[in-house]
Amino acid sequence: MPIIETKKLTKKFEKMIAVDTLNLQINEGEIFGLLGPNGAGKTTTLLMLVTLKPPTSGTATINGFDIIKQPDKVRKSIGIVFQDPSSDEILTGYENLKLHGWLYDMPSDLREERIKEVLDLVELTDRKDDRVKKYSGGMRRRLELARGLMHHPKILFLDEPTLGLDPQSREHIWKYIERLAKEKNMTIIITTHYMEEADKLCDRLAIIDKGKIVVLGAPKQLKKDLGGDIIRLKANALDLDALKKLSYIKDISSCEGEVCLTLEDASSHLQEILNVVGKIESVEIRSPTLDDVFLHYTGRAMREGTPEGSWAEKMMHASEKT
Amino acid sequence: MSELKGIYALWYRETKVFLRERSRVISSIINPLLWLLIIGGGLGSAVSFGGVNYQTFIYPGVLIQTALFSSVFFGVYIVWDKKVDFMKEVLVAPMRRTSIFVGKILGGSTDTLLQILILFAIGFILTFVGVMPGLHLTVSSIAISLAFLLMTTIGLVSIGLILGSQMESPEGFQLIISFLVFPLFFLSGSLFPITNLPNWLAPFIFMNPVTYAVDGIRTILIGEQEKVIVGAIQLSPMLDFMIVTLFSIIMIGIGTYAFKKMKL
Ligand SMILES: Nc1ncnc2c1ncn2[C@@H]1O[C@H](COP(=O)(O)OP(=O)(O)OP(=O)(O)O)[C@@H](O)[C@H]1O
Ligand SMILES: [Mg+2]
């Protein structure tokens, strides 16, 4: 039985649907990613799962308990690191952690041991007795993480855990998260829009956009499903019809104002492609990333939305009509 | 056991934060002093009630005012708290909502009582230097007043928490001050005796639970002057206390329910 199961989970705000009939199953011990652009509905989904926001319709079970009917039992199985700050600024870092230990009924020796451990992890040991008010943005973020990781819940939700952290801190935290999942069989749900983070950490991930799951799978598989390498072309004008005649090209799409081709074994076909398309400004060959997966399934880039009516898009539309 | 630890955690946090926020402690001393010395002194040069000077007369009212403002603000503060601060952390913790409510009430009551203790010290000094003759500050009168103030505070913190838990943004805050806090204060007999009130005003005053707290404390600290008269009944401090207690119990009931329904 999956440890988390959402059943048509839906959240509507006045004018818009933030989470749209979401059906998800997450297994015990898995690191599961929710990947999507700003406003995709990631945070709203988490807040419903941790019982802080009531769904408009549908429900979910967590560790066998219903989030609507048994919120108290759900809260006993979970921990969360929020996207927005939720530490007390007037208290010190250490005091915030101590309060957390009390709220989660940790025995005092275990509490002190864990506080040491997580302070070390996020490198705040020497600042632990400063008020949070005096911390930098990144330090606050690290404190929030330390706090969320401290009580080792059965299921841990991390909402953009490494947002705004330097690469080194990020690496440390990834390692710790992986260790928790492995050693404690903890289930971890992580939202992010860092493709690299999702790629590295997650056993499986769901790409969501506008409240809906676009595609779900293991990162490796998702990339493999795209079917080979990507060639990215930039030019003022391209002979798209000629490209379409090349049968080994599996997919032609516009990406961020350029044209992307998907094909197996790109390097051996490159010469022929360059011959048929005409004059180009630049070309790039690479293996697919999660960015490409996102682009493939949504037609938009993850980072910034493609500017409306870029030349590549217009050309694609024009050639579709003919 | 775990619930008690959680309640303790909430209480610890509120008390720490209160003691560290110097500005709050200072304003809790300055505001009542302004009332006592300026309003009390200014009006007192022209009026006096029930055989004591005006400053002595309003001292119980100033105690209540401090309790009223600090408790209601404390409660309503959770509307910020749950957006940007510590409350979210508490709301996902494995604690019953009822325990969170209890922890909040204990925290708020402690804040308020600390301020009240400072006011009693000020009262001592002012009585000693002769500004407020006729004020009976003894161990037992202070203890009974504290019981009144604590009971009132619990009810008022609950009102604040009820409002704060149901509000989704802090925009309604001014409205609460104008339509709740000030009326509760002005319509309580804190500043004037409530015998011989105009007919339209009397019902508001008798419906206000704060009236009974002021009446009880005034009887204990000053004596039997200017008693509340409801119909033919002279309210004893005991009866006052029962009314205030009833008010607080009802508010706790509503508050527990409101916390169960609280949204982010
Ligand atoms: N309280 C609210 N009232 C109205 N709309 C809301 C509210 N909270 C969220 N939304 C809307 O719901 C949508 C999903 O928001 P959500 O915070 O879940 O996105 P997200 O995927 O977490 O984005 P981000 O990457 O920016 O954190 C957004 O369009 C947002 O404007
Ligand atoms: Mg978010």
Side-chain angles (χ1 to χ4, degrees), chain A residues 11 13-14 43-44 46-55 62 65 67 71-92 95-108 111 131-133 143-144 147-148 150-151 153-157 159, chain B residues 1-25 74 77-104 106-107 111 165-166 168-169 256-264:
Chain A
K11 180 75 186 180
F13 293 109
E14 293 96 63
T43 300
T44 309
L46 288 203
L47 290 178
M48 286 192 286
L49 292 179
V50 302
T51 74
L52 286 185
K53 264 196 175 34
I62 294 207
F65 302 114
I67 55 166
D72 286 338
K73 292 202 168 116
V74 169
R75 287 196 283 265
K76 283 202 192 340
S77 332
I78 60 170
I80 180 170
V81 173
F82 293 102
Q83 183 173 357
D84 308 322
S86 65
S87 306
D88 198 306
E89 291 205 323
I90 294 166
L91 301 180
T92 66
E95 285 167 337
N96 270 292
L97 297 178
K98 188 167 71 172
L99 282 182
H100 188 83
W102 284 340
L103 289 173
Y104 285 81
D105 196 23
M106 297 171 73
S108 57
R111 184 188 71 224
R131 293 194 196 173
V132 174
K133 207 178 261 187
L143 179 69
E144 299 265 328
R147 199 182 59 186
M150 185 179 137
H151 72 285
K154 205 167 156 110
I155 303 157
L156 180 62
F157 295 90
D159 200 353
Chain B
M1 178 57 208
S2 72
E3 299 289 321
L4 283 183
K5 224 194 243 178
I7 291 173
Y8 175 71
L10 284 172
W11 176 83
Y12 176 93
R13 183 251 180 176
E14 301 303 346
T15 315
K16 266 269 149 81
V17 168
F18 176 74
L19 292 176
R20 279 187 193 162
E21 275 194 305
R22 292 282 148 70
S23 62
R24 263 171 78 193
V25 182
F74 174 87
Y77 182 74
I78 63 167
V79 67
W80 278 275
D81 211 14
K82 66 186 176 185
K83 285 265 185 294
V84 299
D85 215 338
F86 186 64
M87 196 61 190
K88 256 188 312 199
E89 148 92 342
V90 175
L91 290 176
V92 285
M95 264 177 97
R96 288 204 197 101
R97 287 286 160 92
T98 317
S99 307
I100 298 177
F101 186 68
V102 171
K104 276 276 166 189
L106 290 180
D111 289 7
S165 67
Q166 301 306 302
E168 289 198 2
S169 71
T256 315
Y257 179 77
F259 256 56
K260 284 197 180 132
K261 299 271 157 224
M262 176 161 30
K263 294 179 199 141
L264 203 60

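These numbers come from the heavy atoms of this one structure, side chains and all, not from hydrogens, waters or symmetry mates. Each chain gets a letter, A, B and so on, in the order the sequences are listed, and its residues count up from 1.
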Checking Glu89(B) against Asn96(A) for the side chain to side chain contact (heavy atoms under 4.5 Å, CB included) test, could you report, in this order, the C-alpha distance in whole Å, the side-chain angles of both residues, the deciding distance, and whether it holds?
CA-CA 10 Å; Glu89(B) 148 92 342; Asn96(A) 270 292; over 6 Å; no

Give the member of Glu21(B), Met262(B), Lys82(B), Arg97(B) that has the highest number of heavy-atom pairs under 4.5 Å with chain A.
Arg97(B)

Heavy-atom proximity to chain B below 4.5 Å, by part of Lys98(A):
side chain

Chain B shares the most heavy-atom pairs under 4.5 Å, among Lys53(A), His100(A), His151(A), Glu144(A), with His100(A)

So, taking the atom named CZ in Arg20(B) and the one named CD in Glu95(A), what distance separates them when rounded to the nearest 0.5 Å?
4.0 Å

Determine whether Met95(B) and Asp105(A) make a side-chain contact, defined as any pair of heavy atoms from C-beta on separated by less than 4.5 Å.
no

For residues Ala9(B) and Leu103(A), report the shortest heavy-atom separation together with the two atoms involved.
CB-CD2, 4.1 Å

Looking only at heavy atoms, what is the nearest atom pair of Lys88(B) and Asp84(A), with distance?
NZ-CB, 3.6 Å

May I ask you to check whether over 12 heavy atoms, not counting those of Glu168(B), lie within 6.0 Å of atom CD?
no

Taking salt bridge (charged side-chain N to carboxylate O under 4.0 Å, His left out) as the test, write out the residues that go with Glu14(B), two or more places apart.
Lys104(B)

If you compare all heavy atoms of Ala93(B) against all heavy atoms of Tyr104(A), which two are closest, and at what distance to 0.1 Å?
CA-OH, 3.5 Å

Determine whether Leu99(A) and Phe86(B) satisfy the following criterion, side chain to side chain contact (heavy atoms under 4.5 Å, CB included), listing intermediate values before the conclusion.
CA-CA 10 Å; Leu99(A) 282 182; Phe86(B) 186 64; 3.6 Å; yes

What heavy-atom pair brings Arg75(A) and Leu91(B) nearest, and what distance separates the two atoms?
CD-O, 3.2 Å

Check Val74(A), Leu47(A), Ile80(A) against Val92(B) for a side-chain contact (heavy atoms from CB on, under 4.5 Å) and give me the one that passes.
Ile80(A)

Within the distance-only criterion (no hydrogens, no angle test), does the side chain of Lys16(B) pair as donor or acceptor with the backbone N or O of Ile90(A) below 3.5 angstrom?
no

